[in-house]
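Working notes, beginning with the structure itself.
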Amino acid sequence: MVLEENESDSVFEPQIIEEHVETPFGNVHCFMTGTPRANRPVILTFHDVGLNHKSCFATMFNNEDMQEIIRHLPFCHVEAPGQHEGAKTLPSTYIYPSMDQLSETLPAVLKHFGLRSVIGLGVGAGAYILAKFALNHPDLVDGLVLININPNAEGLIDSFANKITEWTHTLPDTIITHLFGKAEIETNHDLIATYRHHITTTMNQSNVSQFFRAYNSRSVLEVERPVPGGNINVRTLKCSTLLIVGDNSPAVDAVVDCNSKLNPTKTTLLKMADCGGLPQVDQPAKVIEAFKYFIQGMGYLSSASMTRLRSRTTSSSSISSFDGSRSRSHTNELQRGRTDSHGTEDKRGRSHTDVSMESISNKNVHQTISKSTGIAC
C-alpha cells in the first residue's frame with residue numbers, strides 16, 4: 001500500500017493511553033500513542049532485559065527526526081510483566097512466562113487496542129519476542145526492525161558461565177554486560193553509570209531477574225533460509241526485516257548469524273560503525289534514518305517526508321537521554337561516527353553488513369532512490 005498524495009501530511013491526534021492489558025500469561029503494561037487507522041500499521045515496540053520502554057526507546061522517540069514517523073504512524077510500547085517503572089514484586093505464586101509465552105501476549109494487546117497489523121521494533125529479548133510473534137502470526141506483522149537479536153539458545157558452556165556470573169556479580173552488573181560491549185563498559189563511564197543507576201533504582205530487581213532467567217532459557221528461533229530450487233515452505237519470517245547491530249555490541253556475532261538464517265530477499269543487515277550495544281541510544285539519528293527508509297520501502301511514508309529528513313539528519317548533532325536531558329558524550333560519539341564513517345568503510349571494504357540507507361528502501365520497493373538521499377553507516 002502506497003500513500004496517496006493527500007495522505008502524506010496527515011497527523012495523528014497526540015492522545016496517550018496507558019493501560020495494563022490482561023493476557024493469558026499475565027498483565028503487560030502498554031503505552032498507546034496516536035489513533036490507529038485501518039490502512040496503516042502501528043509501530044509496536046518491545047524492550048530488552050533490564051530496560052523498560054522509556055530507558056530503551058525514549059532517546060530514539062524523543063529525537064526530532066522521529067517526529068516525522070510519529071505524525072504518520074501511531075505506536076504502542078509493550079513492557080513485559082513486572083518490568084514497568086514502579087512495578088511491585090510479582091507474587092511468589094506467579095510463574096514467569098517463557099519467551100514463547102511472552103510472544104503470545106501480543107495478540108491480546110492487538111485485540112485490546114483494535115490493531116490490525118504492526119511494524120515491530122524490538123531490542124535484544126524484545127527482538128526475539130517479536131520475531132517469535134511474527135513466525136506464529138505472520139498475518140499480523142507487516143515488518144520487523146530487530147536490534148541485537150540472538151536467534152540461538154544458550155549452550156551448556158554459556159549456561160554454566162551464567163551460573164558463575166550469578167554467584168560472583170550483582171544483577172545490575174550482569175545486565176550491563178548483556179547490554180554493552182567490554183570496550184564500551186571500559187570507556188563510556190557516564191553512559192554505563194546512567195544505565196546501572198536506572199537498573200538499580202528504577203527497575204524491580206526480583207522481576208528483572210525472572211525476565212532475564214526466561215530470556216536465558218529461550219529456545220532456538222526456528223527459522224531456515226529458503227534455498228533456490230528447494231522447499232519453498234520452510235519456516236522463516238515472511239515480512240520485510242531490518243536487522244541492526246553496533247559493531248562494538250556483544251550481540252554482533254549473533255545478529256550476523258541470524259541474518260544467515262533468514263530469507264535474503266526480505267532481510268537487510270545494518271552493522272553500524274563506531275556504535276555500541278544500544279544503537280538507538282548511541283546513534284539514534286542513524287537508526288531513525290534507516291527506520292524511515294524501511295517504512296518508506298513498505299509504502300507508509302511519502303518521498304516528500306524523506307527529503308525533509310535528509311536535510312535534518314545531516315545537521316543533527318545532539319541526542320537526548322531517556323530522561324530528556326542532553327548527553328555531551330553521546331553527541332561527541334555520534335559526530336565522530338559520522339566523520340569517520342567513510343574512513344572506516346575504506347578500511348573494511350563494502351560487505352553485506354555495511355549497507356547504505358538507500359538499499360534498505362530499495363530492497364522493499366525495487367525502485368531507485370537518488371544517491372544524495374543515502375548515507376552509509
Side-chain angles (χ1 to χ4, degrees), residues 1-4 7-8 10-13 15-17 19 21-24 28 30-47 53 57 60-61 66 68-80 100 102-123 126-147 149 221 223 235-244 262-263 265-268 288 290-302 305 360-361 363-366:
M1 191 280 295
V2 179
L3 286 178
E4 297 295 335
E7 288 185 296
S8 62
S10 63
V11 178
F12 288 101
E13 293 296 325
Q15 64 176 17
I16 301 175
I17 302 173
E19 291 186 2
V21 178
E22 185 176 347
T23 79
V28 294
C30 300
F31 281 86
M32 180 72 204
T33 301
T35 304
R37 294 190 178 184
N39 62 342
R40 294 177 181 175
V42 169
I43 299 169
L44 184 81
T45 75
F46 212 116
H47 58 89
H53 87 277
F57 296 109
M60 177 179 175
F61 277 76
M66 188 67 185
E68 195 73 55
I69 296 177
I70 293 174
R71 283 198 291 269
H72 289 85
L73 298 175
F75 60 91
C76 179
H77 294 302
V78 180
E79 294 173 321
D100 289 6
L102 285 171
S103 73
E104 289 302 316
T105 65
L106 298 180
V109 172
L110 268 66
K111 182 178 180 181
H112 179 85
F113 290 110
L115 312 181
R116 299 181 62 177
S117 64
V118 301
I119 297 174
L121 171 61
V123 180
Y128 180 94
I129 289 167
L130 288 173
K132 273 282 187 181
F133 173 59
L135 284 171
N136 295 328
H137 304 277
D139 54 321
L140 298 179
V141 182
D142 281 7
L144 288 173
V145 178
L146 306 176
I147 301 173
I149 185 170
L221 193 65
V223 290
R235 183 172 169 82
T236 188
L237 294 174
K238 308 283 187 194
C239 61
S240 297
T241 303
L242 173 61
L243 306 180
I244 300 178
L262 298 178
N263 187 339
T265 66
K266 291 182 175 290
T267 308
T268 300
I288 292 166
F291 194 23
K292 286 191 177 185
Y293 276 104
F294 181 74
I295 293 173
Q296 186 197 31
M298 299 174 66
Y300 295 118
L301 201 61
S302 68
S305 299
I360 294 171
S361 182
K363 199 155 195 174
N364 294 331
V365 296
H366 307 290

Closest heavy-atom contact between [X] and [Y]?
X	Y	result
Cys76	Val42	N-CG1, 3.9 Å
Ile295	Ile119	CG1-CD1, 4.3 Å
Ile288	Met60	CD1-O, 3.5 Å
Lys266	Cys239	CB-O, 3.9 Å
Ala127	Leu146	O-CD2, 3.6 Å
Glu104	Asn136	OE2-ND2, 3.5 Å

Please name the residue in the list Thr23, Leu130, Ile129 that meets the side-chain contact (heavy atoms from CB on, under 4.5 Å) test with Leu102. Ile129

Of Leu262, Val145, Thr268, the one forming a side-chain contact (heavy atoms from CB on, under 4.5 Å) with Leu243 is Leu262

Reported CD1-to-CZ distance for the pair Ile244 and Phe294, which is rounded to 0.5 angstrom: 9.0 Å

Distance from Thr35 atom OG1 to Arg37 atom CZ, nearest 0.5 Å? 7.5 Å

Do the non-hydrogen side-chain atoms of Ile69 and Phe75 ever get within less than 4.5 Å of each other? no

Please tell me if the side chains of Lys132 and Leu221 come closer than 4.5 Å, counting only heavy atoms from C-beta onward. yes

State which residues pass ring-ring contact (aromatic ring centres under 6.0 Å, His included) with Tyr128; sequence neighbours excluded, sorted by chain then number. none

Validation: residues 106-116 side-chain donor-acceptor distances under 3.5 Å, sequence neighbours left out:
unit_1: His112; atom_1: NE2; unit_2: Glu19; atom_2: OE1; d: 2.2

Please step through side chain to side chain contact (heavy atoms under 4.5 Å, CB included) for the pair Thr267 and Leu237, ending with a clear verdict. CA-CA 9 Å; Thr267 308; Leu237 294 174; over 6 Å; no

Do the two ring centres, one from His53 and one from Phe57, sit under 6.0 Å apart? no

Before you tell me yes or no, could you show the steps for Leu121 and Phe61 under side chain to side chain contact (heavy atoms under 4.5 Å, CB included), namely the whole-Å CA-CA distance, both residues' side-chain angles and the distance that decides it to 0.1 Å? CA-CA 12 Å; Leu121 171 61; Phe61 277 76; 3.9 Å; yes

Do any N or O atoms from the side chain of His77 and from the backbone of Thr33 form a donor-acceptor pair under 3.5 angstrom? no

Does any N or O in the side chain of Arg40 come within less than 3.5 Å of the main-chain N or O of His72, such that one atom is a donor and the other an acceptor? yes

